[in-house]
Amino acid sequence: MLFVAPGMWTHRHLLGIDALSATDIDTVLDHAGRWLELSRSAERKTTLLKGRTIINLFFEASTRTRTSFEIAGKRLGADVVNVSSSGSSVTKGETLLDTAKNLEAMRADAIVLRHSSSGAPGFVAGRVGCPVINAGDGAHEHPTQALLDALTIRAAKGRLEGLTVAICGDITHSRVARSNALLLGKKGAKVRFTGLRTMLPKEAETLGSSVTVVPRFEEAIEGADVVMMLRIQNERFAADAQKKGASPMSTTREYSRTFGLNAQRLARAKPDAIVMHPGPINRGVELDPSIADGQRSVILDQVEAGVAVRMAVLELLLAAPAA
Amino acid sequence: MLFVAPGMWTHRHLLGIDALSATDIDTVLDHAGRWLELSRSAERKTTLLKGRTIINLFFEASTRTRTSFEIAGKRLGADVVNVSSSGSSVTKGETLLDTAKNLEAMRADAIVLRHSSSGAPGFVAGRVGCPVINAGDGAHEHPTQALLDALTIRAAKGRLEGLTVAICGDITHSRVARSNALLLGKKGAKVRFTGLRTMLPKEAETLGSSVTVVPRFEEAIEGADVVMMLRIQNERFAADAQKKGASPMSTTREYSRTFGLNAQRLARAKPDAIVMHPGPINRGVELDPSIADGQRSVILDQVEAGVAVRMAVLELLLAAPAA
Amino acid sequence: MLFVAPGMWTHRHLLGIDALSATDIDTVLDHAGRWLELSRSAERKTTLLKGRTIINLFFEASTRTRTSFEIAGKRLGADVVNVSSSGSSVTKGETLLDTAKNLEAMRADAIVLRHSSSGAPGFVAGRVGCPVINAGDGAHEHPTQALLDALTIRAAKGRLEGLTVAICGDITHSRVARSNALLLGKKGAKVRFTGLRTMLPKEAETLGSSVTVVPRFEEAIEGADVVMMLRIQNERFAADAQKKGASPMSTTREYSRTFGLNAQRLARAKPDAIVMHPGPINRGVELDPSIADGQRSVILDQVEAGVAVRMAVLELLLAAPAA
């Protein structure tokens, strides 16, 4: 693996992209790149984190992220213990902090935390002695997702700097959009948010000058290097629609008609534009199946990059020499 | 372990007994026999699949099969990751194929798949790059169950050829019955299907000339070397009964009276006949407790053979030299 | 690790404190003390139980206990397989014994069993060939909890002999109270049970002469070395209250007012008294948050001791030389 010079990586936790510098991001991506290579070889398992205990503490269901972290931890030789909200003390009303303090007392070496409340990982991180990794918190951040997206883009395009990335979906509620916008801004890429007006932030500027809001989908895609489609949360969508009196736009079909990515629309992006999606995909809603499975889709590359990025994060937080 | 000559084992997946030759079956059973021996010794763990990631992807609940595969994988030194439908992307509506493709992208070395739809493992196998093992699909096949049953019979009787095996239960809906009939036919055993008329296939001949349908239970058992009782699915049974207007036969008690295996009925089989059941047992319904726990029951031998057979299958699919 | 002289540890199972001698308890605590030290070092993982399969068979949800056993087993190098009632054959109606016999047939080296029925682990232990560890059974025993509590008290006080331990809560239904009373009695400590009259046993004397029932909380705490608060099961509490016609005492607030531990009440105990709780805590009900997180709380020490005690128990049952 790469040598991390003392002081090069100074973070104890990974709570969000917000706290990372452009150099930090490069460090994660460089390390992840090595793990990606290794994961394609026969000898893909190491003993780097042998004897360490990593806890996957998931208060929201997620196959992809939980499995990705579990595989990442095991490939590094660690023991991974899954704790999910169903079947846990959570149902007995224990507080998040008590649960985390308990895991710390069991000498957990890292807590990977997914929670529906924005800021939950930060809250815990300030109060336990072991590294906390945010695996998605409310509408706040999902830093490993943004890092794996960046690794995927970098692998496809050779760089992040100067690229234009259109992100389409329920931006307001999306931690994926938020973390991506932060990361891409720090790395010198331009971000265009698009989606239903009710799903767009009023002040995208809070995410930096690199972000612009472009309500019209076609316009947002125009000349983009990357088109990132977000999953439409049908439930939330339906609820919103009902609240507003079931306008035509409020149906899934209507959404798909206006914001579904198909070949015709994708033609507006750069000829070599790539298509991304954090999954799970609603086929036929935000993404036409022919695009999801097409040559320009890097969706499965994202999944592969996910394990590598999580290995890199665990490595940097748990195995790097102290600063 | 046994040497697998190049080209001797040519299968990339284990989707069903249907695709296996009699020689293939012997290969699995021979390898499994070795693992069975090893599992009884103190040094029962190997490093054969060290660094490999096996995914247990279960869309139906099953302690026995999931646990058996998990233990098999771990005894071979692999990392085993459980993904079940509850708490997974499945609840978010992701397709089976997307889930499988994701696991493949995470560099899974094998996917063990249980699904309520017949053909699901075959569908996935044709579309992912890693071996797929069918852990039971709808009313189609349950190949590792048939293989562990065969290993158990072979251990008890020294052979499969020429034996008479009575299989009693809801044959129409049973993947266990189907896989067993296919395997036993290929290995030269005779199979008699028995059970309620509504539970018997109209054309058993599709499973080969070795299978006959014998509606009367006593007649089916007569002179049998093996009596295999299937679990009665009370739910399905009740539903069927209701549909038909609650005839006397439609109650569990009536079923037990006519098709429950007890000492008196077992006396019709060969004096050294063995009793099998894939579990979990409905004690007092299809099987009298005295028989389930009696000297002729090999039910727990089946469970033990299960781990050995699954180790053999994982070995052959993942560790055997390429043909 | 410590040397266990042949014949020093003669138990095949850990079903309850009831069966342990004072010397047995010391043996567990001494071994656990070593594991506690080791768990604080960087090299906290051993290969002592390499190749062994430990099954966590939980018929009641429990983050803490399941996770603690899982970490303990993995730190000893064993493979740990979780089997919980949801998603298991249990939902198909299989008997507990059949499930256990199946796990034995898969060559489980130990079954860690939690069950809502008192005596379930003992029932299973008499019928399977592998060690059974009681992880809590109904209102009967929770021996590893009492052992970890004893390790925690010993670490804080240097001894168990001669101490006064007040245990407050729903004593009648508490396996924690019962196992603690048994252990503390065997080790020469005095126990005072306190709580609502409806929650106190009528004949505490059955637990030995070391136990007295002291209904008034303040009196029970008076001069105590240890104050152990039990979790109030709000559900049970509410049900009881309703049955009795909703007296003022029957509300949670009332309970808290009379039996909640706060600074004022704790002042009645010895100046160096410690506060314990098996968790999960109902903050503000049985325990004031300032006490739970205060300097005299050893609640997280208990959690840490839990992993060490479970390692010691697994070691003694699985790795000690045969007597």
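Every chain is numbered from 1 and lettered A, B, ... according to where its sequence line falls, protein lines coming before strand lines. Predicted, not measured: the structure shown is a model, and the values here were computed from it.
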Under 3.5 Å side-chain donor-acceptor pair for Arg310(C) and Ser68(C):
yes
Which atoms of Arg283(B) approach chain C - backbone, side chain, both or neither, heavy atom under 4.5 Å
side chain
When the 4.5 angstrom heavy-atom criterion is applied to Asp98(C) and chain B, the contacting part is side chain
Would you kindly say whether Thr27(C) and Asp30(C) are connected by a side-chain donor-acceptor distance under 3.5 Å?
no
With chain C, the option among Leu300(B), Asp301(B), Val307(B) that has the most non-hydrogen atom pairs under 4.5 Å is Leu300(B)
Is there a donor-acceptor pair closer than 3.5 Å between any side-chain N or O of Arg114(B) and the backbone N or O of Phe59(B)?
no
Side chain to side chain contact (heavy atoms under 4.5 Å, CB included) with Leu14(C): of Leu20(C), Val132(C), Asn134(C), Leu316(C), only one passes, and it is Leu20(C)
